[in-house]
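Beneath this line is the structure, given in structure tokens, with notes to follow.
All figures in this text were calculated on a predicted structure; none of them were measured in a lab. A, B, ... follow the sequence lines: proteins, then strands. Residue 1 opens every chain.
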Protein chains: 2
Amino acid sequence: MREATDLHASLCQAIADPTRISILYALNEKPCRVNELVTQLQSPQATISRHLKILREQAIVETHREGSFVTYSLGYQRIIQALDIMRSIKLDIVRKEHDLIHE
Amino acid sequence: MREATDLHASLCQAIADPTRISILYALNEKPCRVNELVTQLQSPQATISRHLKILREQAIVETHREGSFVTYSLGYQRIIQALDIMRSIKLDIVRKEHDLIHE
DNA sequence: CTCGTATATGTGAATAAACGAATATGCGAA
DNA sequence: TTCGCATATTCGTTTATTCACATATACGAG
């Protein structure tokens with residue numbers, strides 16, 4: 001099952017970046033144009049576009065063109081569930097470390 | 001929230017590798033010694049140890065020493081839930097691509 | 001202590017990811 | 001067509017990641 005696991009990992013890899021995580025959470029609030037993401041995340045437009053491309057290639061996000069605007073939206077809402085689980089785990093870990101230090 | 005997102009991403013990064021995904025699923029079946037993982041995943045011992053170190057640093061796995069043996073186990077079972085969600089998403093994506101080609 | 005097994009790590013090479021800056025494309029308006 | 005805005009891509013560089021190989025450490029047996 002090496003092959004399936006590689007595919008699995010490629011999806012995980014695609015969400016393993018702080019900018020892309022922020023994009024996904026923003027899109028979870030509502031579909032956004034590239035511009036909105038740029039101002040919301042305060043990153044250069046080229047950076048946002050590059051990260052969007054990676055998400056597009058993994059088919060995690062969908063695009064919809066209207067004139068010169070491109071609106072991005074989540075292709076699979078449950079990617080947010082996965083991210084939320086990870087975030088809660090990380091929170092537990094950080095809390096545990098904190099408790100150990102202040103015990 | 002840049003900082004929190006970075007932590008979030010570091011956890012995602014830790015599971016974004018095929019070998020580490022295989023290790024996590026193996027540990028989900030039962031706690032394993034390094035040796036068992038080596039034979040089960042058919043990777044060099046140094047490789048396995050390296051990946052275990054990454055998982056350890058992120059506190060995703062726990063270790064228990066008995067003599068010269070070290071048994072690894074999952075620190076947070078719900079990491080598997082997150083992985084399962086991603087796997088199901090990837091499956092959907094692959095199926096959709098397949099359907100498009102053979103339509 | 002010495003030996004053998006189990007596990008961990010250092011090092012260097014190969015590969016991949018990320019970024020900034022510049023440039024290119026796509027599209028509507030005039 | 002030309003201009004200007006929205007978005008995408010290329011290039012060169014820097015930084016991370018991964019691996020194989022060798023070596024190091026930790027521990028129990030004897």
Side-chain angles (χ1 to χ4, degrees), chain A residues 2-3 5-24 26-27 30-75, chain B residues 2-3 5-24 26-27 30-75:
Chain A
R2 164 96 314 189
E3 209 176 298
T5 307
D6 285 353
L7 289 175
H8 195 171
S10 68
L11 182 57
C12 296
Q13 179 65 35
I15 68 165
D17 174 276
T19 302
R20 293 197 289 273
I21 290 175
S22 301
I23 290 175
L24 291 172
L27 295 183
K30 66 170 180 45
C32 289
R33 308 214 260 233
V34 179
N35 246 344
E36 303 182 69
L37 294 171
V38 169
T39 61
Q40 207 171 323
L41 307 194
Q42 308 220 73
S43 300
Q45 178 267 324
T47 299
I48 298 294
S49 262
R50 260 190 279 103
H51 285 295
L52 284 171
K53 180 184 190 166
I54 291 170
L55 295 173
R56 233 188 306 136
E57 285 170 346
Q58 286 297 320
I60 306 171
V61 298
E62 291 171 351
T63 62
H64 175 236
R65 241 205 142 89
E66 290 177 82
S68 58
F69 300 99
V70 179
T71 299
Y72 280 79
S73 55
L74 282 189
Chain B
R2 164 99 313 191
E3 206 176 300
T5 306
D6 284 353
L7 289 175
H8 195 170
S10 68
L11 183 58
C12 294
Q13 180 63 36
I15 68 165
D17 174 274
T19 303
R20 294 197 288 273
I21 290 175
S22 300
I23 289 175
L24 291 171
L27 295 183
K30 65 170 181 45
C32 289
R33 308 214 260 234
V34 179
N35 246 344
E36 302 181 70
L37 294 170
V38 169
T39 61
Q40 207 172 321
L41 307 193
Q42 309 219 74
S43 300
Q45 178 267 323
T47 299
I48 299 295
S49 263
R50 246 170 230 302
H51 285 295
L52 284 171
K53 180 183 191 168
I54 292 170
L55 296 174
R56 234 188 304 136
E57 286 171 347
Q58 286 295 320
I60 307 172
V61 299
E62 291 171 351
T63 61
H64 174 235
R65 240 204 143 90
E66 291 176 82
S68 57
F69 300 99
V70 179
T71 300
Y72 280 79
S73 56
L74 282 189

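Taking 4.5 Å as the limit, every side-chain heavy atom of Leu7(B) sits out of range of all side-chain heavy atoms of Leu11(B). Side-chain contact between Ser73(B) and Leu27(B) is absent, with no heavy atoms from C-beta onward closer than 4.5 Å. In this structure the side chain of Ile48(B) never reaches within 4.5 angstrom of the side chain of Gln45(B), judged on heavy atoms. By the 4.5 Å heavy-atom criterion applied to side chains, Leu52(B) and Val70(B) are not counted as neighbours. Gln13(B) is listed as a side-chain neighbour of Gln13(A), based on a closest heavy-atom distance under 4.5 Å.
If you take CD1 of Ile48(B) and P of dC21(D), they are 15 Å apart, rounded to a whole angstrom. Counting to the nearest Å, the P atom of dA6(C) and the CZ atom of Arg65(B) are 13 Å from each other. In this structure, His64(B) atom NE2 and dA26(D) atom C1' are separated by 16 Å, rounded to whole Å. Between the P atom of dT7(C) and the CG atom of Leu41(B) lies a distance of 13 Å, rounded to the nearest Å. Rounded to a whole Å, the NZ atom of Lys53(A) is 15 Å from the C1' atom of dA16(C).
Proximity of Asn35(A) to the phosphate of dC5(D): no side-chain N or O atom is located under 4.0 Å from OP1 or OP2. An OP1 or OP2 oxygen of dT9(C) is reached within less than 4.0 angstrom by a side-chain nitrogen or oxygen of Arg56(B).
A distance-only check finds no donor-acceptor pair linking the side chain of Glu57(B) to the backbone of Ile54(B) [under 3.5 Å]. Arg20(A) places a side-chain N or O within donor-acceptor distance of the main-chain N or O of Ala14(A), the cut-off being under 3.5 Å. Without hydrogens or angle criteria, Arg56(A) side chain to Gln58(A) main chain gives no donor-acceptor distance under 3.5 Å. Distance alone, capped at 3.5 Å, places no donor-acceptor pair between the Ser49(B) side chain and the Ala46(B) backbone.
If you check dA8(D), dT7(C), dT9(C) against the side chain of Val34(A), the one that comes closest is dA8(D). With dT7(D), dA8(C), dC27(D) as the candidates, the nucleotide lying closest to the side chain of Arg33(A) is dT7(D).
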Base contacts versus sugar-phosphate-only contacts with protein, heavy atoms under 4.0 Å: please encode nucleotides 11-20 of chain D as B, S and - from 5' to 3'. -------SSB

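Within a heavy-atom distance below 4.0 Å of DNA chain D, the residues of residues 66-73 of chain A found are Ser68(A), Phe69(A), Val70(A), Tyr72(A).
On a pure distance criterion of 3.5 Å, a polar donor-acceptor pair joins the side chain of Gln45(A) and the base of dA8(D).
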